[in-house]
Amino acid sequence: MNPAENYILDKPEPFRSILLHLQSVVERTVPQVDLKFKYRVPFYYINGTPFCYLNQSKDYIDLGFWKGAHFTVHQEQMISEGRKVIKSLRYTSLESINDSILIDILKEAYAVRNARFYK
């Protein structure tokens, strides 16, 4: 088992279930991703370029997107909190995950993966 998988499996509930679900949806939607352990969190890369990351912070899970500044869909769901380019989806429970929105955002993230970091 790699460190990224250990990170996910070592989290207490409900975070473990949220992370496992997100992992499943990300890997099904964007099969080109490669799960690594960078910056002490699970990080997905495509061809060596950062794509998104999973992180437990306080009482939620962040699914952060490296090139979020380029996103146009579901802006009302995205959190930036002072970050200029990284945007994230936040989840506090498994039930709070809307797979349709998540898949739309993953598809857009894939579509803008080659865009410059800044807009």
Side-chain angles (χ1 to χ4, degrees):
M1 197 171 327
N2 71 40
E5 291 169 339
N6 283 338
Y7 175 96
I8 292 168
L9 295 175
D10 286 345
K11 294 299 176 190
E13 289 297 347
F15 305 117
R16 180 182 322 120
S17 293
I18 296 168
L19 289 164
L20 286 168
H21 182 78
L22 294 175
Q23 179 184 19
S24 173
V25 174
V26 169
E27 292 175 4
R28 267 194 339 262
T29 306
V30 188
Q32 301 85 343
V33 293
D34 185 25
L35 182 61
K36 299 181 183 261
F37 193 70
K38 301 284 184 170
Y39 313 109
R40 298 181 5 199
V41 297
F43 225 110
Y44 282 104
Y45 282 76
I46 297 177
N47 297 325
T49 302
F51 180 70
C52 67
Y53 64 87
L54 300 166
N55 184 36
Q56 179 192 346
S57 294
K58 302 176 188 171
D59 58 347
Y60 57 86
I61 297 295
D62 243 355
L63 174 59
F65 294 91
W66 206 247
K67 297 193 178 169
H70 298 281
F71 290 7
T72 58
V73 298
H74 304 293
Q75 288 295 301
E76 70 284 357
Q77 302 293 322
M78 302 300 293
I79 308 287
S80 60
E81 288 188 349
R83 299 176 287 190
K84 292 181 181 179
V85 291
I86 295 176
K87 292 186 179 180
S88 63
L89 293 168
R90 281 205 181 140
Y91 302 108
T92 56
S93 70
L94 195 54
E95 297 76 27
S96 68
I97 300 172
N98 181 323
D99 281 350
S100 177
I101 290 172
L102 174 57
I103 290 168
D104 286 350
I105 290 173
L106 287 166
K107 287 179 178 178
E108 184 168 41
Y110 184 76
V112 302
R113 73 190 179 285
N114 294 321
R116 293 179 164 261
F117 190 62
Y118 289 100
K119 226 174 179 186

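In this chain, residues are counted from 1 in sequence order. The shown structure was predicted, so the numbers you read here are calculated from the model rather than taken from an experiment.
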Practice task
Return the set of residues passing salt bridge (Lys or Arg N to Asp or Glu O under 4.0 Å) with Glu95 (not counting sequence neighbours), or none when no residue passes.
Solution key: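 By the salt bridge (Lys or Arg N to Asp or Glu O under 4.0 Å) rule, Glu95 matches no residue at all.
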Handout entry: From CA spacing to verdict: side chain to side chain contact (heavy atoms under 4.5 Å, CB included), Leu22, Leu102
Key = CA-CA 9 Å; Leu22 294 175; Leu102 174 57; 3.7 Å; yes
Practice task
Would you kindly confirm whether Ile79 and Leu19 end up in one hydrophobic cluster when ILVMFWY residues are joined by side chain heavy atoms under 4.5 Å apart?
Solution key: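 Per the 4.5 Å side-chain linkage, Ile79 and Leu19 are not co-clustered.
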Mind checking the [atom1]-[atom2] spacing from [X] to [Y]? Nearest 0.5 Å is all I need.
X: Phe71; Y: Lys87; atom1: CZ; atom2: NZ; answer: 8.5 Å
X: Phe65; Y: Ile86; atom1: CZ; atom2: CD1; answer: 11.5 Å
X: Phe15; Y: Thr92; atom1: CZ; atom2: OG1; answer: 8.5 Å

Exercise for the section: Could you pull out all residues at least two apart from Tyr45 that satisfy ring pair (Phe, Tyr, Trp, His ring centres under 6.0 Å)? Expected result: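 Tyr45: ring pair (Phe, Tyr, Trp, His ring centres under 6.0 Å) contacts with Phe43.
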Handout entry: With Tyr44 via ring pair (Phe, Tyr, Trp, His ring centres under 6.0 Å) - residues at least two apart
Key =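 Tyr44: no ring pair (Phe, Tyr, Trp, His ring centres under 6.0 Å) contacts found.
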Handout entry: Ile8 to Pro42 - nearest heavy-atom pair and separation
Key =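 Of all heavy-atom pairs spanning Ile8 and Pro42, the closest is CG1-CG, 4.1 Å.
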Exercise for the section: Check Ala4 against Leu35 and note the closest heavy-atom contact, atom names and distance. Expected result: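 Between these two residues, the closest heavy atoms are CB-CG, 3.7 Å.
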Practice task
Would you mind listing every salt bridge (charged side-chain N to carboxylate O under 4.0 Å, His left out) that reaches into residues 5-27, with sequence neighbours excluded?
Solution key: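 Every pair satisfying salt bridge (charged side-chain N to carboxylate O under 4.0 Å, His left out) with a residue in residues 5-27: Glu13-Arg16.
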Could you tabulate the donor-acceptor pairs under 3.5 Å formed by side-chain atoms of residues 103-112, not counting sequence neighbours?
unit_1: Asp104; atom_1: OD2; unit_2: His74; atom_2: NE2; d: 2.8
unit_1: Glu108; atom_1: OE1; unit_2: Thr72; atom_2: N; d: 2.9
unit_1: Glu108; atom_1: OE1; unit_2: Val73; atom_2: N; d: 3.0
unit_1: Glu108; atom_1: OE2; unit_2: Thr72; atom_2: N; d: 2.9
unit_1: Glu108; atom_1: OE2; unit_2: Thr72; atom_2: OG1; d: 2.6
unit_1: Tyr110; atom_1: OH; unit_2: Gln32; atom_2: NE2; d: 3.4
unit_1: Tyr110; atom_1: OH; unit_2: Arg113; atom_2: NH2; d: 3.4

Report, one line per pair, each donor and acceptor closer than 3.5 Å where one atom sits in a side chain of residues 48-63; sequence neighbours left out.
unit_1: Tyr53; atom_1: OH; unit_2: Arg83; atom_2: NH1; d: 3.3
unit_1: Asn55; atom_1: OD1; unit_2: Tyr7; atom_2: OH; d: 3.2
unit_1: Asn55; atom_1: ND2; unit_2: Ser57; atom_2: OG; d: 3.1
unit_1: Tyr60; atom_1: OH; unit_2: Arg90; atom_2: NH2; d: 3.4
unit_1: Asp62; atom_1: OD1; unit_2: Ser88; atom_2: OG; d: 2.9
unit_1: Asp62; atom_1: OD1; unit_2: Arg90; atom_2: NE; d: 2.9

